[in-house]
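So the structure is just underneath, and the comments pick up after that.
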Amino acid sequence: MSVLATSGAPASGNIYLTTVDGDPALGEEGYELAITPDMVTLGACQPAGLFRGIQTIRQLLPPQIASSTVQPGPWKIAAGMIRDYPRFVWRGTMLDVARHFFSVEDVKRYIDLLAYYKINRFHMHLSDDQGWRIAIHTWPNLATHGGSTQVGGGRGGYYTQAEYSNIVTYAQRRYIMVVPEIDMPGHTHAALASYAELNCNGVAPALYTGTDVGFSSLDTGREKTWAFVDDVIGEMAALTPGPYLHIGGDEASATSAADYVHFIGRIQAIVNAHGKQMVGWEEIAQGKLLATTVAQHWHSDLARQAVQQGARIIMSPASTAYLDIKYNAATPLGLSWPGYIDVQTAYNWDPATQVVGVSEGDVLGVEAPLWSETLQTLDDIEFMAFPRLIGLAEIGWSPAAGKSWDEYQVCLGAHGPRLTALGVNFYRSALVPWQ
Ligand code: ACM
């Protein structure tokens, strides 16, 4: 039974959650946990801190509590004191729902697993060459036509605005901010296939179900393009309670360099005019950035150029943080263009030392992208994300000074029974001493 009290002292034998007299030094997400033989007391300054602390309590209790069937107690928890807060404010993962589409139910299940590991940003890659996955009322064909297929030619799909808002609210209740991405000016074939008037030659191409990149571009010199961009950004801003809109900006090889720079400047102004801060992949640093803009590092040193303009950086190095990369040559799913990423590699990197000229204070946080060219089911998502996403969560939360693969692999091994109890289809890496 839970009771909401506004006064009085807690009785022993309870788990007591409080924000009364919470220490502001704990910040938005920090918490203190005192476990004595009588009582568990969880204190935080903000509700988000209580929520993060509850995940710690769940992880301190025996793994069977995560089971969906009734399990015998007793539920023992070690006594002690914990004072805990994150190193970075941005601890995210990205899911590509464009190459393959995933249902609202699948996405919610994934969000629950993110919450368990204190991830606080869920970046949704909502459009790409192969599919447009969010209904835009002013341009309805984007979803109905542009969302009608996916890689390999399957049925695809899209979220209605009500469904999308349902995901956003579900995440918010777990103190996770959804960051929507509409990828432009490249990766736009699904949009070009949906509206003839967006194409230079006035002809809409057929839909695309392959996996090439870098062949599509919005026509940046056409006013119709800018009406489209403004409408899409406007509707996405209205659907987004958080401050950020991600505009992609990656791999725009079919856009000329001059057009690209023009595009970034103009779309940044549009995002701002709709009351949001722009996020984009590191290529955006080739344009003129505002200090409020955020660049997402993935494989070059362009992040330095972004920092020189005052922007902050999300660290997502493809060679360590990409969850769609194979663990090793035997992994049945995934890609291998930046090499392989085993569980140790996914843990053993530091966001403050990735790019020369980009240091701790420039880094907003970390994010692990999961591209879905080869992934078709929730089982596939879980197999690639777990356990590597736990390493990313650890990098984002814990101080760099305490980092130790030797200790981490033992802790991770203890999560095996938890992941099993949660029903997660995780990769049992031979590098980890699973319990
Ligand atoms: C990317 O992997 N194209 C950001």
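In listed order, ligands and their atoms are each counted from 1. We number each residue from 1, following the sequence as shown. In this text the structure is predicted, and so the values were computed from the model without any measurement.
Cation-pi geometry between R266 and W226 is met: under 6.0 angstrom from the ring centre, within 45 degrees of the axis.
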Within the protein, flag every N or O under 3.5 Å from an N or O of ligand 1, and note the pair and distance.
unit_1	atom_1	unit_2	atom_2	d
ligand 1	2 (O)	Y322	OH	2.7
ligand 1	3 (N)	D250	OD2	2.7
ligand 1	3 (N)	E251	OE1	3.1

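The aromatic ring centres of H297 and W281 sit 6.0 Å or more apart.
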Show your working on side chain to side chain donor-acceptor pair (under 3.5 Å) between K108 and N166 and close with a plain yes or no. CA-CA 9 Å; K108 285 182 172 177; N166 186 265; 2.7 Å; yes
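Ring geometry for Y195 against W139 counts as perpendicular: the plane angle is over 60°, on a 0 to 90° scale with 30° as the lower cut.
Screening residues 159-180 for ring pair (Phe, Tyr, Trp, His ring centres under 6.0 Å) gives F51-Y175, F101-Y159 as the qualifying pairs, with residues at least two apart or on separate chains.
In summary, D362 and R312 do not engage in a salt bridge, as defined by a charged side-chain N under 4.0 Å from a carboxylate O.
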